[in-house]
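The structure appears below as C-alpha cells.
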Amino acid sequence: MTKEERYVVNPLVRWLKCQKATWQVYKPSYGTSATGWDIEARRKNQDLLIEAKYIDGAFLASFTGLVTASLANRRQHFMIQKYRSWCHHVCWAIGSDRPQNDIFQILFDYIARNPKFWKHYAEDVRMKYVFFVRSGRVSRIPFSLVLHLAERYAPEASNKTLLERRKVAGHLIRNFRFS
C-alpha cells in the first residue's frame, strides 16, 4: 500500500461513507497500477471524480500531477454507455504531514501567479472541491473559495519573505478546521 492510499485515499473514503448523504464509493483495488480516478463518489445528481496526492517531497511534482490528471480523458467507472455523467465534478485530495500554512501558501502562490487561467481551468474541468487530508482527518473547501482566497492572498503577500507569506496564508485559512 502506497502512502497516497494509506494517508489520503483511505481516510477520504471513510469520511465520505460517514456523511449524512449516502455516497456510493469506488476506488481501484490496486491503486498504483490503476489508470482511472483515485476515488469516484456518487450520489443522486452528483458524481465526484477525485484525484489524490500525498505530498512527501517536492510540491511541484505532486501539484503538476493533480493539474494534469484532471485533463486526462479517463472513463468514469460508474458509466456504462457514456464517457462521463452530466453531473460530474472533479476534485483534488491533498495529503501531507507538513503544516497546513505551508501547503496553503504554496497553493496560493501558484494560483496567484495567473488567476485568470485558474478561473478558466475550474470552469473547463468542472472543479468542485479540494479535500485536505491530515492525520486521518478531512477538510473540504470549495475550489471557488480557494480561488477567492488566492486573490486576497496575492496583494497581501507580494514582496514578503517566505515566513511572512505563510503567516498570511495561515491568517486567510484560520476558519478551516479538519473534521
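Scanning all heavy atoms of the two residues, the minimum distance from Trp37 to Ala69 falls at CH2-O, 3.8 Å. Across all non-hydrogen atoms, the minimal contact from Ala150 to Ala112 is O-CB, 4.0 Å. Of all heavy-atom pairs spanning Pro99 and Arg134, the tightest one is CA-NH1, 3.8 Å. In terms of heavy atoms, Ala52 sits closest to Val8 at CB-CG1, 3.7 Å.
The shortest distance between side-chain heavy atoms of Tyr153 and Ile111 does not fall below 4.5 Å. For the pair Ile55 and Arg98, the minimum side-chain heavy-atom distance is below 4.5 Å. Within the 4.5 Å cutoff, the side chain of Gln100 has heavy atoms near those of the Ile173 side chain. Counting heavy atoms from C-beta on, the side chains of Tyr121 and Asn114 never come closer than 4.5 Å. In this structure, the side chains of Leu16 and Val138 stay at 4.5 Å or more apart for every pair of heavy atoms. With a 4.5 Å cut-off on side-chain heavy atoms, Trp92 and Phe143 count as touching. Looking at Lys17 and Arg14, their side chains never come closer than 4.5 Å, going by heavy atoms from C-beta outward.
The aromatic rings of Trp15 and Phe131 lie perpendicular to each other, with more than 60° between the two planes, well past the 30° mark. Aromatic ring pairs are classed by plane angle as parallel below 30°, tilted from 30° to 60° and perpendicular above 60°; the pair Tyr110 and Phe63 is parallel.
Taking OG1 of Thr64 as the reference point, atom CG of Leu66 lies at 9.0 Å (rounded to 0.5 Å). Put simply, CG on Leu12 and NZ on Lys27 are 10.5 Å apart, with the number rounded to the nearest 0.5 Å. Note that CD1 of Ile39 is 10.0 Å distant from CD of Glu5, once rounded to the nearest 0.5 Å. How far CZ of Arg174 is from NE2 of His171: 4.0 Å, rounded to the nearest 0.5 Å. With values rounded to the nearest 0.5 angstrom, Phe108 atom CZ is found 9.5 Å from Leu147 atom CG.
Counted by atom type alone, Tyr54 and Asp97 present one or more donor-acceptor pairs between their side chains at under 3.5 Å.
Among Ile141, Leu149, Leu172, Ile94, the single residue meeting the side chain to side chain contact (heavy atoms under 4.5 Å, CB included) criterion with Phe104 is Ile141. Tested against Lys128, the residues Arg140, His89, His88 include a single side chain to side chain contact (heavy atoms under 4.5 Å, CB included) partner, His89.
Of the possible donor and acceptor atoms, one in the side chain of Glu164 sits under 3.5 Å from a partner among the backbone N and O of Thr161. Lys167 places no side-chain N or O within donor-acceptor distance of the main-chain N or O of Leu163, the cut-off being under 3.5 Å. A donor-acceptor contact shorter than 3.5 Å is absent between the side chain of Ser139 and the backbone of Phe132. For Asp47 (side chain) and Arg42 (main-chain N/O), no donor-acceptor pair under 3.5 Å exists by modelled atom type. At distances below 3.5 Å, at least one donor-acceptor pair connects side-chain atoms of Ser158 with backbone N or O atoms of Pro155. Counting only distance, with no hydrogens or angles, the side chain of Asn101 and the backbone of Ala169 share no donor-acceptor pair below 3.5 Å.
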List the steps, then state whether side chain to side chain contact (heavy atoms under 4.5 Å, CB included) holds for Phe59 with Asp109.
CA-CA 12 Å; Phe59 187 84; Asp109 275 343; over 6 Å; no
Assess the residue pair Glu4 and Lys53 against the criterion (side chain to side chain contact (heavy atoms under 4.5 Å, CB included)); give the C-alpha distance rounded to whole Å, side-chain angles, the decisive distance to 0.1 Å, and a yes or no.
CA-CA 6 Å; Glu4 182 177 294; Lys53 292 291 179 201; 3.9 Å; yes
Begin from the C-alpha positions of Leu48 and Glu40 and carry the test side chain to side chain contact (heavy atoms under 4.5 Å, CB included) through to its verdict.
CA-CA 6 Å; Leu48 300 181; Glu40 292 183 31; over 6 Å; no
Verify side chain to side chain donor-acceptor pair (under 3.5 Å) between Arg166 and Gln105, making sure each step is shown before the conclusion.
CA-CA 5 Å; Arg166 287 187 175 163; Gln105 176 265 319; 3.1 Å; yes
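A continuous path of ILVMFWY side-chain contacts below 4.5 Å connects Met127 to Leu145, so both sit in one hydrophobic cluster.
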